[in-house]
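Note on naming: letters A, B, ... go to the chains in the order of the sequence lines (proteins, then strands), and numbering restarts at 1 for each one.
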Amino acid sequence: MIHVRFPDGAERQFPEGATGGEVAGAISKSLGKRAMALKANGVVHDLSSPVPDGATIEILTRDAPESLELIRHDAAHVMAEAVQEIWPGTQVTIGPVIENGFYYDFAREEPFRPEDLALIEAKMREIIARNAPITCETWDRERAKTFFRDKGEAYKVELVDMIPADQALRIYRQGEWLDLCRGPHGASTGGIGSAFKLMKIAGAYWRGDSSRPMLQRIYATAWANDADLKAYLTQLEEAERRDHRRLGREMNLFHFQEEGPGVVFWHPHGWTMFQGLVSYMRRRLAGRYQEVNAPQVLDKSLWETSGHWGWYRENMFQVQSAGDEAEDKRVFALKPMNCPGHVMIFKHGLKSYRDLPVRYAEFGAVHRYEPSGAMHGLMRVRGFTQDDAHIFCTDEQMAAECLAINELILSVYRDFGFGEIVVKLSTRPEKRVGSDALWDRAEEVMTRVLGEIEAGSGGRIRTGINPGEGAFYGPKFEYTLRDAIGREWQCGTTQIDFNLPERFGASYIDAESNRQPPVMIHRAICGSMERFLGILIEHYAGHFPLWIAPVQVVVATITQDADDYAHEVVTALRTAGLRVEADLRNEKINYKVREHSLAKVPVMLVLGRREAETRAVSIRRLGSRDQTGGSLDETVTALVAEATPPDLRQA
RNA sequence: GCUGGCGUAGCUCAGUGGUAGAGCACUCCAUUGGUAAUGGAGAGGUCGCGAGUUCAAUCCUCGCCGCCAGCACCA
């Protein structure tokens, strides 16, 4: 007999070798039916696994949170079976569970067509209805390889070879179909239920390697019940509604066109926001950083020295005189980064240790020739503006600088309404420059700083380590923020650089009159201003707080009798520093309200004869069905207060 | 860059081997109104670009460009 304990503390005995399924059935007939998997000592197992003696166990039904992964994993197998049933000869490869669903990669000459998804889905429902038991077998390697080789499953043979020799090969069978898989799985295909949906077809490289063949991936989502599926689909619609490319067009903020792939045409309202963001950042830098401006176009030799020409040449724009007769045949590059320019400025004239730290900031427009498939609205462009800065300091100053940067980054994010931040330290990669002693020192300092960041955050900041993810020239912190619908965006970064000062021979004179290389810290807060604006657009879904909104107030008249007063109101608001537009058109107020609501103008002041006579305004806020009244003077004061950027507000 | 899909008016989209349509937006006329579409009229397109097939191509074929989804990339 074996003893087991249940989560509620109850203990029971079962015959030696009893499986999870037998235990479930012994507890109650209905649990036996509903059981999906066995959880023993915190680990999920197949229901057919024997229960270990002395374990704390739980019988998982499909409502258990842990079961969702099983449902998705089972569904992936069923999808593979469905595809092979419809198109025999299609090879199956891998089909893991991912966030919100699963995918399976297939190898087949003929591409899947969008309309095939419905076909596959119907077949899946057929297979699920058959409700075949899912069983596990252990095969030896040769049997597995022979089996898959005979079936023409070359990728599976490769997978068998990749499994470490000391690990057992597990084969999961459902009806006539089987797959190599480490499990665990549910008890039968019927447990998958009906709350799933095939989402899209995409190409994906075998083993994520662009030098290997491209497979066809089918993405799907799956949930424990229809309500969860529906909620997920609604959430996707919500994300689509917030898409900054759509809002950028609807709100007339910017556009792209064919002649300029990946470069932004900023329209007046969009540029107002862009400049507002830059102004805000300038105020935040004032007193700590010196703003500089390095050239757009520099001789290729400088980029050879910096190392960019060697590493990133394919991604750089080369420029030359277009004239055939040009005397200067030199090759220049459009700057892809600001750092070499800043090092040049630092190097200009001797620097003393007394000058350090030197902090140069630039809103630097950079150009990178991004692969065509990488471009995505404002999020990934070929021409963008970095809120870049480089700090030249001594080794002793490094920690304090990192902490100061951290504080600045966090307070900026807070001002834009981002509460949850993750900071991760990326440590030395295999391929790197700089001595181990330098890396040891920098990582030691940054690890300490990371601890201080977490301790000083009062729980707001989560921290972590990305081992081996550092830049080749030094370790870095990466700042990730979470937007209103839970998506994560990596924006800020602080990077130590052992490479550039040395390559350019930058130095300062220390207290003993010796030349010393400075520590160089790169840092960005927004990262790309374009991308950050894209994130803000999606975060706020276009409903910007007053201080960010490109048009803060529209003054709309009901009749022409109010025109004179409307001009007065506009002047008063504008004098007070607000961004105002007047709508005196000969249209009904319903029409105007609708139009400005769709344009997401935060505040509408509606003026008719009544307001003109009493020097009042009728205020309608975006998203509100009703309106409030107020005097002109009070309203101006209140709006000015609300429109004041957070960094200028009196506490 | 790779795989697949797409490209028709400013926007959202119909459509056909015989050189094109709707709604909204735009212009003009009437209407001066009280918080999400007043009525009428008008104008607007080299159907992404270039070749080919055809008596005839927006439609079929090929190439290129761009966009979308995913993969790869992201100093």
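- For the side-chain hydrogen bond (donor to acceptor under 3.5 Å, both in side chains) test, no residue two or more places apart in sequence or in another chain qualifies with A/T480.
- Between A/R609 and A/E613 no salt bridge is recorded (no basic side-chain N to carboxylate O distance below 4.0 Å).
- At distances below 3.5 Å, not a single donor-acceptor pair connects side-chain atoms of A/K335 with backbone N or O atoms of A/L298.
- Contacts of A/P261 with the nucleic acid, taken as non-hydrogen atoms under 4.0 Å apart, involve only primed sugar atoms and P, OP1 or OP2.
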Which letter, B, S or -, goes with each nucleotide of nucleotides 39-49 of chain B from 5' to 3', with contact meaning a protein heavy atom under 4.0 Å? -----------
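- A ring-centre distance under 6.0 Å is found for A/H539 and A/F418.
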Please tabulate the protein-to-nucleotide N/O contacts below 3.5 Å involving nucleotides 23-27 of chain B, giving atom names and distances.
unit_1	atom_1	unit_2	atom_2	d
B/A25	OP1	A/Y591	OH	3.4

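- Qualifying side-chain hydrogen bond (donor to acceptor under 3.5 Å, both in side chains) partners for A/R246, counting only residues two or more places apart in sequence or in other chains: none.
- Partners of A/R487 under the side-chain hydrogen bond (donor to acceptor under 3.5 Å, both in side chains) rule, at least two apart in sequence or in another chain, are A/D483, A/E538.
- Note: A/F102 and A/Y104 fail the aromatic proximity criterion, with ring centroids not under 6.0 Å apart.
- For the pair A/F254 CZ and B/G10 C1', the computed distance is 16 Å after rounding to whole Å.
- The side chain of A/Y205 lies closest to B/C71, out of B/U38, B/C71, B/A37.
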In dot-bracket form, how is RNA chain B paired, counting a Watson-Crick or G-U wobble pair only if both its distances are under 3.5 Å and using | for bases paired to another strand? (((((((..((((....[..)))).(((((.......))))).....(((((..]....))))))))))))....
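- Note: A/W489 and A/F532 fail the aromatic proximity criterion, with ring centroids not under 6.0 Å apart.
- Nucleic acid contact for A/G208: sugar-phosphate only, since backbone atoms but no base atoms lie under 4.0 Å from a heavy atom of the residue.
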